[in-house]
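Accompanying notes for the structure given below.
We name chains A, B, ... by the order of the sequence lines, and we start the count at 1 in each one.
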There are 2 protein chains.
Amino acid sequence: MQLTGVDAERMCFARQIMDRVGDKWSIAIVHTLGRDTLRFTELKRAIDGISQRMLTATLRGLERDGLVERTVHPVVPPRVDYRLTELGLTLLGTVCELANWAVNHADEIAGARADYDARPDTA
Amino acid sequence: MQLTGVDAERMCFARQIMDRVGDKWSIAIVHTLGRDTLRFTELKRAIDGISQRMLTATLRGLERDGLVERTVHPVVPPRVDYRLTELGLTLLGTVCELANWAVNHADEIAGARADYDARPDTA
DNA sequence: CGATGGTGGTTCCTTTTGGTAACTGACCCC
DNA sequence: GGGGTCAGTTACCAAAAGGAACCACCATCG
């Protein structure tokens, strides 16, 4: 046991939020909303590559988990704003730490992959 | 911009390691190997529910990225040991922070879900 | 009147993911 | 020589993720 507080329960929670945030678009959306609140079409244009279906689906999921707030303005052309909640903001911070880890070790990972792929065999 | 250092490049890296670690079994394996080095069948027995196929596949992926080290002992019944590398250990630490976030906000998320599911309608 | 834009929903299809089960092969025990 | 262990591999299959495209509503614009 090199690490303290690494119990199975904790890792189970890690799995759960990975399920939430580990899909293809959640991080991109949370990140994009980190700057400021946006409307549906603005998000769609900002994220580049996301389909309408996945944008709605992912937003629903984030909204359900209280990470994103959806406010409908009952105006003439419907206007819907999405913004990060406090909870969503803290998640963004945490995900950033993960991103920092990735940035700091990107070269090690790349090197390991190169080594692995260059290996003659599993022999 | 509420958060500093939240550039798109960073989030792109976050996506990459999410892809690596966001699958169904990687976290479980890294967590299990965090305690001590184990053999293939020990891992399989320890993780409960993992199939042989996914164990090998996930281990290969982790090995390729330099997170897990695989040592083959050319003995009578084949013996293969898996253990976390230094890199894998730092990843475990980072994932633990994510797990901490999840633990600290589990009730908020559960509450948000309950609220959302109890809503009369999107009206 | 028809076109457009804003906010989705829905349907169909492909790709990816992951589970089951059976096979390999080397060695050992009985 | 039949059966067991260890560490996989391969073939097959079901479920889920995700993309493309089309539908719908409504209001304004030209």
Check your understanding: How would you list, by chain and number, every residue that makes a side-chain hydrogen bond (donor to acceptor under 3.5 Å, both in side chains) with B:D19, sequence neighbours excluded?
Key -> B:R15

Exercise for review: Figure out the CZ/P separation between A:R79 and C:dG6, and round it to whole Å.
Suggested key: 11 Å

Exercise for review: Would you kindly give the CG-to-C1' distance between A:D23 and D:dG19, to the nearest whole Å?
Suggested key: 15 Å

**Study point:** Nearest listed nucleotide, side chain of B:R39, among D:dC6, C:dT7, C:dG18
**Key:** D:dC6

Review point. For B:F40 and D:dT9, what is the distance between atoms CZ and P respectively, to the nearest whole Å?
Key: 8 Å

Exercise for review: Can you figure out which of C:dG19, D:dA7, C:dG6 approaches the side chain of A:T41 most closely?
Suggested key: C:dG6

Revision key, fill the gap. Sorted by chain and residue number, the side-chain hydrogen bond (donor to acceptor under 3.5 Å, both in side chains) partners of A:T90 (sequence neighbours excluded) come out as B:W101

Revision key, fill the gap. side-chain hydrogen bond (donor to acceptor under 3.5 Å, both in side chains) filter on A:R113, not counting sequence neighbours, yields B:D65

Study note, to complete from the structure: To the nearest angstrom, the CH2-P distance between B:W25 and C:dG18 comes to 9 Å

Point to revise | Proximal nucleotide (of D:dG8, D:dG18, C:dG18) relative to the B:M54 side chain | key: C:dG18

Check your understanding: Among C:dG19, D:dG8, C:dG8, which is the nearest nucleotide to the side chain of B:R70?
Key -> D:dG8

Study note, to complete from the structure: Taken to the nearest whole Å, CD1/B:I47 to P/C:dG18 is 13 Å

What protein N or O atoms touch nucleotides 21-30 of chain C N or O atoms at under 3.5 angstrom, if any, and at what distances?
none

**Study point:** Counterpart residues, side-chain contact (heavy atoms from CB on, under 4.5 Å), relative to B:T56 (two or more places apart)
**Key:** B:F40

Exercise for review: Figure out the CG/C1' separation between A:L38 and C:dG6, and round it to whole Å.
Suggested key: 15 Å

Practice item. Verify the contact: side-chain N or O of A:K44 to OP1 or OP2 of C:dG6, cut-off strictly under 4.0 Å; return yes or no. Key: no

**Study point:** side-chain hydrogen bond (donor to acceptor under 3.5 Å, both in side chains) partners of A:D48, counting only residues at least two apart
**Key:** none

Exercise for review: Note the angle between the end axes of the helix from C:dC1-D:dG30 to C:dC30-D:dG1, five pairs defining each, rounded to 10 degrees.
Suggested key: 20°

Check your understanding: Going by the salt bridge (charged side-chain N to carboxylate O under 4.0 Å, His left out) test, which pairs reach into residues 98-109 of chain B, not counting sequence neighbours?
Key -> none

Side chains of residues 77-84 of chain A: which donor-acceptor partners sit under 3.5 Å, not counting sequence neighbours?
from: A:D81; atom 1: OD2; to: A:H73; atom 2: NE2; distance (Å): 2.8
from: A:Y82; atom 1: OH; to: A:R70; atom 2: NE; distance (Å): 3.1
from: A:R83; atom 1: NE; to: A:E69; atom 2: OE1; distance (Å): 3.1
from: A:R83; atom 1: NH2; to: A:E69; atom 2: OE1; distance (Å): 2.9

Check your understanding: side-chain contact (heavy atoms from CB on, under 4.5 Å) between B:I29 and B:I50: does it pass, once the steps are laid out?
Key -> CA-CA 10 Å; B:I29 292 181; B:I50 196 172; 4.3 Å; yes

Exercise for review: Remember a base hit wins even if backbone is also touched, and classify A:T56 as base, sugar-phosphate or nothing at under 4.0 Å, heavy atoms.
Suggested key: sugar-phosphate

**Study point:** Rounded distance [0.5 Å steps], NE2 in B:H31 versus SG in A:C12
**Key:** 10.5 Å

Check your understanding: Does the side chain of B:Y82 get closer than 4.0 angstrom to OP1 or OP2 of D:dG8 through an N or O atom?
Key -> yes

Check your understanding: What is the distance from CG of B:L43 to P of D:dG8, rounded to the nearest Å?
Key -> 10 Å

Point to revise | Atom pair distance, as rounded to whole Å: CG in A:L59 and P in D:dG18 | key: 14 Å

Exercise for review: For the pair B:R64 and A:D117, find out whether any cationic side-chain nitrogen is under 4.0 Å from an anionic carboxylate oxygen.
Suggested key: yes

